[in-house]
Asks: 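Structure below; questions to follow.
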Amino acid sequence: MKDLVEIIARSLVEKPDEVTVTQREDDNAIVVELRVAQSDMGKVIGKQGRIAKAIRTVVTIRTVVKAASAKETKKVIVDIVDTDKE
């Protein structure tokens with residue numbers, strides 16, 4: 001998941017070197033956190049959140065396919081982190 005989100009994000013932003021993606025996993029969920037330059041936040045969120053929703057949809061589809069082959073069910077959460085609010 002992490003690699004997929006990173007590839008998508010880097011292709012959208014003006015400062016791809018500032019894209020960082022982390023992934024953590026627990027018993028029920030995989031959480032993927034995406035951080036980009038503040039000036040690129042709008043590019044990964046999109047108007048009315050359309051780009052963010054599309055990224056989450058692609059990751060969810062990939063997870064469903066992977067889960068079907070591995071017979072595991074985990075929720076995937078893609079979180080776009082606003083670094084100004086940390």
Side-chain angles (χ1 to χ4, degrees):
M1 284 351 121
K2 176 184 172 190
D3 295 336
L4 177 61
V5 172
E6 187 170 347
I7 290 167
I8 293 169
R10 286 181 186 269
S11 70
L12 293 171
V13 300
E14 290 184 20
K15 298 177 182 175
D17 293 341
E18 293 190 36
V19 171
T20 59
V21 181
T22 57
Q23 179 174 314
R24 67 182 192 284
E25 192 170 338
D26 62 26
D27 293 337
N28 302 321
I30 299 169
V31 178
V32 180
E33 291 184 343
L34 169 61
R35 289 178 170 79
V36 298
Q38 188 62 34
S39 59
D40 286 328
M41 284 295 285
K43 290 176 181 68
V44 295
I45 294 173
K47 289 185 180 178
Q48 297 180 347
R50 288 184 181 133
I51 301 296
K53 183 177 179 182
I55 293 169
R56 289 180 178 113
T57 300
V58 168
V59 170
T60 300
I61 290 170
R62 181 173 175 182
T63 303
V64 168
V65 170
K66 183 180 174 185
S69 64
K71 298 196 184 338
E72 63 178 72
T73 55
K74 287 192 177 187
K75 182 178 181 179
V76 176
I77 301 162
V78 178
D79 189 15
I80 300 170
V81 179
D82 186 350
T83 54
D84 273 0
K85 296 184 178 179
E86 289 186 305

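Heavy-atom basis, side chains included; hydrogens, waters and symmetry copies ignored. Computed from a prediction, not measured in an experiment: that's the story for all the values here.
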Asks: Using a 4.5 Å cut-off on heavy atoms from C-beta on, say whether the side chain of T22 contacts that of R35.
Replies: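 Heavy-atom side-chain distance check passes, below 4.5 Å.
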Asks: What distance do D40 atom CG and I45 atom CD1 have between them, rounded to the nearest 0.5 Å?
Replies: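 If we round to the nearest 0.5 Å, D40:CG and I45:CD1 are 11.0 Å apart.
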Asks: With heavy-atom distances below 4.5 Å as the criterion, would you say the side chains of L4 and R62 are in contact?
Replies: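 Result yes, sub-4.5 Å side-chain heavy-atom pair found.
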Asks: Before you tell me yes or no, could you show the steps for K15 and S39 under side chain to side chain contact (heavy atoms under 4.5 Å, CB included), namely the whole-Å CA-CA distance, both residues' side-chain angles and the distance that decides it to 0.1 Å?
Replies: CA-CA 9 Å; K15 298 177 182 175; S39 59; 3.5 Å; yes
Asks: List the atom of G46, the atom of I51, and the distance in Å for their closest heavy-atom pair.
Replies: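 G46 and I51 have their closest heavy atoms at CA-CG1, 3.6 Å.
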Asks: When clusters are formed from ILVMFWY side-chain contacts under 4.5 Å, directly or step by step, what else is grouped with I77?
Replies: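 Under the 4.5 Å side-chain rule, I77 groups with V31.
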Asks: Can you list the steps and then say if Q38 with D82 is a side chain to side chain contact (heavy atoms under 4.5 Å, CB included)?
Replies: CA-CA 7 Å; Q38 188 62 34; D82 186 350; 3.0 Å; yes
Asks: Taking the side chain as C-beta and beyond, is there a heavy-atom pair between Q23 and I30 under 4.5 Å?
Replies: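 When only atoms from C-beta onward are counted, I30 and Q23 do touch, with a gap below 4.5 Å.
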Asks: Begin with the C-alpha distance, continue with both residues' side-chain angles, and end with the deciding distance and a verdict on side chain to side chain contact (heavy atoms under 4.5 Å, CB included) for I8 and L34.
Replies: CA-CA 11 Å; I8 293 169; L34 169 61; over 6 Å; no
Asks: Identify which one of V13, V81, V36 satisfies the side chain to side chain contact (heavy atoms under 4.5 Å, CB included) criterion when paired with M41.
Replies: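 With M41 as partner, V13, V81, V36 yield a single side chain to side chain contact (heavy atoms under 4.5 Å, CB included), made by V36.
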Asks: For D17 and R10: C-alpha separation, side-chain torsions, deciding distance, then whether side chain to side chain contact (heavy atoms under 4.5 Å, CB included) applies.
Replies: CA-CA 8 Å; D17 293 341; R10 286 181 186 269; 4.3 Å; yes
Asks: Would you check if N28 and D26 make a side-chain contact, meaning some heavy-atom pair closer than 4.5 Å?
Replies: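 N28 vs D26: side chains touch.
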